**Student:** 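If you scroll down you'll find the structure; I have some questions about it.
All values derive from a computational prediction rather than experimental measurement.
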Amino acid sequence: MYQAVCRRMIEMREQAGLDLDEMERRTGVSSSELWKAENGYSRNRLFDYLADYCTALGKTFTVTIDDAEGRR
């Protein structure tokens with residue numbers, strides 16, 4: 001599931017036509033940290049950035065209890 005979130009982050013950013021430098025400007029998170037999050041190297045920080053990342057893209061995200069518990 002983690003890798004799927006990472007892939008989706010990249011897809012959303014690319015669909016918006018934004019590079020990591022623009023995401024840094026919009027989120028206040030360094031482009032190197034965002035790159036690490038997108039590519040799965042910063043697992044602990046990914047969820048710290050996710051809300052700001054989505055907001056910078058004009059998106060929202062929802063996590064349900066089922067998601068948190070791994071239910072489908």
Side-chain angles (χ1 to χ4, degrees):
M1 179 160 142
Y2 178 80
Q3 290 301 323
V5 171
C6 293
R7 283 190 304 274
R8 185 65 183 130
M9 288 174 69
I10 295 169
E11 289 170 7
M12 289 188 313
R13 179 176 57 76
E14 289 177 346
Q15 287 173 356
L18 302 176
D19 62 16
L20 286 171
D21 291 331
E22 178 60 19
M23 289 300 288
E24 177 178 355
R25 190 184 71 70
R26 291 180 180 208
T27 64
V29 178
S30 75
S31 58
S32 63
E33 285 298 314
L34 292 170
W35 182 89
K36 289 176 189 175
E38 283 185 351
N39 289 283
Y41 295 107
S42 185
R43 185 172 288 216
N44 293 336
R45 300 298 309 238
L46 171 65
F47 294 106
D48 292 341
Y49 303 147
L50 196 52
D52 290 335
Y53 195 96
C54 289
T55 298
L57 295 171
K59 307 280 185 181
T60 59
F61 73 99
T62 304
V63 177
T64 67
I65 296 294
D66 289 342
D67 292 332
E69 293 177 354
R71 293 185 206 159
R72 294 207 175 241

**Student:** Which heavy atom of A37 sits nearest a heavy atom of S42, and at what distance?
**Tutor:** N-CB, 3.9 Å
**Student:** Can you see which heavy atom on C54 is nearest to which on M12, and at what distance?
**Tutor:** SG-CE, 4.1 Å
**Student:** Within the side chain of Y49, is there an N or O that forms a donor-acceptor pair under 3.5 Å with the backbone of L34?
**Tutor:**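 Absent.
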**Student:** Any chance you could measure D48, atom CG, to Y53, atom OH, to the nearest 0.5 Å?
**Tutor:**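 These two atoms lie 15.0 Å from each other.
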**Student:** Atom CG in L50, atom OG1 in T27: separation rounded to 0.5 Å?
**Tutor:**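 Reported value, rounded in 0.5 Å steps: 11.5 Å.
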**Student:** Between N39 (side chain) and Y41 (backbone), is there a donor-acceptor pair under 3.5 Å?
**Tutor:**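 Not a single qualifying donor-acceptor pair exists.
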**Student:** Do R7 and E38 sit within salt-bridge range, that is, some charged N less than 4.0 Å from a carboxylate O?
**Tutor:** no
**Student:** Going by side-chain hydrogen bond (donor to acceptor under 3.5 Å, both in side chains), name the residues that satisfy it together with E24, two or more places apart in sequence or in a different chain.
**Tutor:** S31
**Student:** Just to verify, what does R26 make a side chain to side chain contact (heavy atoms under 4.5 Å, CB included) with, not counting sequence neighbours?
**Tutor:** L18, E22, A56
**Student:** Can you list every salt bridge (Lys or Arg N to Asp or Glu O under 4.0 Å) pair that touches residues 50-62, not counting sequence neighbours?
**Tutor:**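 The answer is none; no pair qualifies.
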**Student:** Which value, rounded to the nearest 0.5 Å, describes the distance between R25 atom CZ and D19 atom CG?
**Tutor:** 10.5 Å
**Student:** Find the distance between CZ (R8) and CZ (R13) and round it off to the nearest 0.5 Å.
**Tutor:** 12.5 Å
**Student:** Quick check for you: to the nearest 0.5 Å, what is the distance between E14 atom CD and L57 atom CG?
**Tutor:** 11.0 Å
